[in-house]
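All remarks here apply to the structure that follows.
Both ligands and their constituent atoms are indexed starting at 1 by order of listing. We use all heavy atoms of the structure for the numbers below, so side chains are in, but hydrogens, waters and symmetry mates are not.
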Amino acid sequence: MKALQYRTIGQPPEVVEIETPEPGPGQVRLKVTAAGVCHSDSFIMSLPEEQYIYGLPLTLGHEGAGVVDKLGEGVEYLELGTSVAVYGPWGCGLCYECAQGRENYCVNAAKYGILPPGLGSPGAMAEYMIVNSPRHLVPLGDLDPVKNVSLTDAGLTPYHAIKGSLEKLHAGATAVVIGVGGLGHVAIQILRSMTSARVIALDVSEEKLTFATDVGAHQAFPSEPGAAVAVREATNGEGANVVFDFVANQATMDLGQAMMRAQGDQVLVGVGAGTLPVGLMAAPYETSIRSPYWGSRSELYEVLDLARGSGIDVHTEVFSLDNAPEAYEKLHNNQLLGRAVIVP
Ligand SMILES: [Zn+2]
Ligand SMILES: [Zn+2]
């Protein structure tokens with residue numbers, strides 16, 4: 001079968017021919033219907049050899065959807081041909097966190113070397129993929145896999161981040177979304193459909209500011225040091241109740257901290273590696289800083305239901321598996337609006 005693999009440190013991913021995998025006991029093989037292109041793929045491919053821990057060759061794709069194609073020994077209750085989305089942050093299924101569906105915070109994953117598809121295990125950018133347990137499949141029903149595959153990360157991650165701050169997003173509150181990319185543009189829509197907060201988007205690209213208001217942001221400002229003043233002016237001097245930072249580099253984290261109001265949440269979702277001062281004098285009183293990672297299994301059901309109620313429309317640009325390297329090039333050059341999706 002054909003697959004998109006990262007094979008050499010520092011080189012772009014390549015389309016290669018590899019053996020079609022067979023599902024082992026307890027596993028499920030999917031015929032892939034769609035796979036999303038994520039910034040974290042670019043991030044891991046930018047790591048120097050000494051920091052790269054995901055194995056080579058690596059079949060990319062941690063946002064996956066497919067139809068159930070073959071069941072491994074012992075797998076029950078799953079029908080061939082069922083259209084499913086793949087829950088990506090695989091855990092052990094046995095610990096306290098996993099028992100609550102929060103496999104993204106599994107306490108045993110590191111110990112047992114359990115790695116998400118596309119981030120250590122073979123991912124969805126191939127004609128077929130192996131899912132390690134039927135537990136990690138969520139039925140898509142009549143949702144279009146191409147349009148919705150990215151909800152497994154670009155929907156689930158902001159959904160989980162927003163849910164953790166819901167009580168601060170009351171009527172009259174202000175949420176700021178920094179970075180209107182794959183996750184940010186979905187975050188704006190989730191905020192609009194789950195809260196009555198005012199949504200302000202920040203981005204460095206003029207095109208993405210227009211995009212932000214197109215998908216539901218009330219206001220959009222250029223992401224620059226002056227943006228903190230702009231947000232305060234737009235909120236009667238009060239500042240943001242919650243800042244969702246989908247970039248989280250030093251510049252955006254400093255910017256976010258400068259626009260917080262007391263008792264606000266600064267939520268760091270992006271994979272940038274900035275740092276923030278904390279303490280009584282460092283930020284407005286009782287500011288909380290959270291750095292959520294991905295989301296829980298039940299939250300994936302919730303996100304898909306939100307999409308079913310047309311609360312979310314992922315803006316997608318479709319590429320074939322052969323053209324997948326081009327999708328990563330466009331992502332790298334900041335030329336994508338919304339999410340690139342690979343259709344094998
Ligand atoms: Zn991702
Ligand atoms: Zn676990």
Looking only at non-hydrogen atoms, find the nearest pair between Pro277 and Gln257 and report the distance.
O-NE2, 3.1 Å
Please name the atom of Asp153, limited to N, O or S, that comes nearest to the Zn ion (ligand 1).
OD2
Quick check: does any side chain N or O of Asn249 sit under 3.5 Å from a backbone N or O of Gly274, one acting as donor and the other as acceptor?
no
Quiz question: by atom type and distance under 3.5 Å, do the side chains of His185 and Asp214 form a donor-acceptor pair?
no
Using the Zn ion (ligand 1) as the vertex, how large is the angle between SG of Cys38 and NE2 of His62, rounded to 10 degrees?
110°
Nearest 10° is fine: what angle sits at the Zn ion (ligand 2) between SG from Cys98 and SG from Cys106?
110°
Using every non-hydrogen atom in the two residues, find where Leu304 and Ala85 come nearest and quote the distance to one decimal.
CD1-CB, 4.4 Å
